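Report on one structure; see the data block that follows.
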Amino acid sequence: MKDPDFIYIQYIGATPDKVWEALTTNDFLSKYWTGPIETDWKTGSPLTMHFLDGKVDWDGKILECVPPKKLSYTFRIHGYQEESSRVVFELEPAGRKATKLTLSHYDIEAKCRKGIAEGWSSLLSGMKTLVETGELLDRSA
């Protein structure tokens, strides 16, 4: 099996159920992403991420959804990526109230690698802060 182009591992002070909720509900997603995701989270279903102004940021298709353990989907940034890449989130308990989140991103076009790596790092740091504290990550100077 092919190695991912990008991998990010993060430990979050919350249960896998809580981290899963942060990955799959618009109450959480719209706070740390660019806006809401449209999908029913069923294998084979489309998903679309919108900016707050309603324009499409990226889209894909659910490849696997096994709550609260694994989520995988295709990922294509509108107007930038020609081919879809593949994202895999894996959640494992890491103690009584902690989760090891592993994000693997495959088949990233060369021109997108830096932006995707920086984007995931920033995004998942924001999610971690939100899940652990209930507040958004403050990146202001």
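Bear in mind the structure is a predicted one, so any value in this text is a computation, not a measurement.
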Non-hydrogen side-chain atoms of [X] and [Y] separated by less than 4.5 Å:
| X | Y | result |
| --- | --- | --- |
| Thr24 | Leu29 | no |
| Lys61 | Tyr73 | no |
| Glu38 | His50 | yes |
| Thr74 | Leu63 | yes |
| Cys65 | Trp20 | yes |
| Ser125 | Gln10 | yes |
| Ser104 | Phe6 | no |
| Lys42 | Ile62 | no |

* Asked: Do Thr48 and Asp59 have a side chain donor and acceptor closer than 3.5 Å?
  -> no
ask   = So, His78 versus Asp57: side-chain donor-acceptor pair below 3.5 Å or not?
value = no
Can you list the steps and then say if Trp120 with Val87 is a side chain to side chain contact (heavy atoms under 4.5 Å, CB included)? CA-CA 11 Å; Trp120 280 126; Val87 176; 3.8 Å; yes
Which atom pair, heavy atoms only, marks the closest approach of [X] to [Y]?
| X | Y | value |
| --- | --- | --- |
| Tyr106 | Asp5 | C-OD2, 3.4 Å |
| Tyr32 | Ala22 | OH-O, 2.6 Å |
| Ser72 | Val88 | OG-CG2, 3.6 Å |
| Glu132 | Gly13 | OE2-N, 2.6 Å |

Applying salt bridge (Lys or Arg N to Asp or Glu O under 4.0 Å) to Glu64 and not counting sequence neighbours gives Lys70
Between the side chain of [X] and the main-chain N/O of [Y], is any donor-acceptor distance below 3.5 Å?
| X | Y | result |
| --- | --- | --- |
| Thr99 | Leu101 | no |
| Glu21 | Asp17 | no |
| Asp107 | Arg86 | no |
| Ser45 | Asp40 | no |
| Ser121 | Ala117 | yes |
| Glu92 | Lys100 | no |

For Phe75 together with Trp58, are the ring centres under 6.0 Å from each other? yes
By side chain to side chain contact (heavy atoms under 4.5 Å, CB included), Pro36 pairs with (sequence neighbours left out) Asn26
Atom [atom1] in [X], atom [atom2] in [Y]: separation rounded to 0.5 Å?
| X | Y | atom1 | atom2 | answer |
| --- | --- | --- | --- | --- |
| Leu137 | Thr129 | CG | OG1 | 4.5 Å |
| Thr133 | Lys128 | OG1 | NZ | 10.0 Å |
| Leu123 | Ile116 | CG | CD1 | 12.0 Å |
| Arg113 | His105 | CZ | NE2 | 10.0 Å |
| Ser30 | Met49 | OG | CE | 8.5 Å |
| Ile12 | Leu130 | CD1 | CG | 10.5 Å |

For Lys111, does the NZ atom sit with more than 12 other heavy atoms under 6.0 Å from it, leaving out its own atoms?
yes
Indicate, with yes or no, if [Y] and [X] share a hydrophobic cluster defined by side-chain heavy-atom contacts under 4.5 Å among Ile, Leu, Val, Met, Phe, Trp and Tyr.
| X | Y | result |
| --- | --- | --- |
| Ile108 | Tyr80 | yes |
| Val131 | Leu136 | yes |
| Trp41 | Trp33 | yes |

Stepwise side chain to side chain contact (heavy atoms under 4.5 Å, CB included) test for Val19 and Met127
CA-CA 9 Å; Val19 175; Met127 183 196 72; 4.1 Å; yes
Residue set satisfying side-chain hydrogen bond (donor to acceptor under 3.5 Å, both in side chains) with Glu90, at least two apart, ordered chain then number -> none
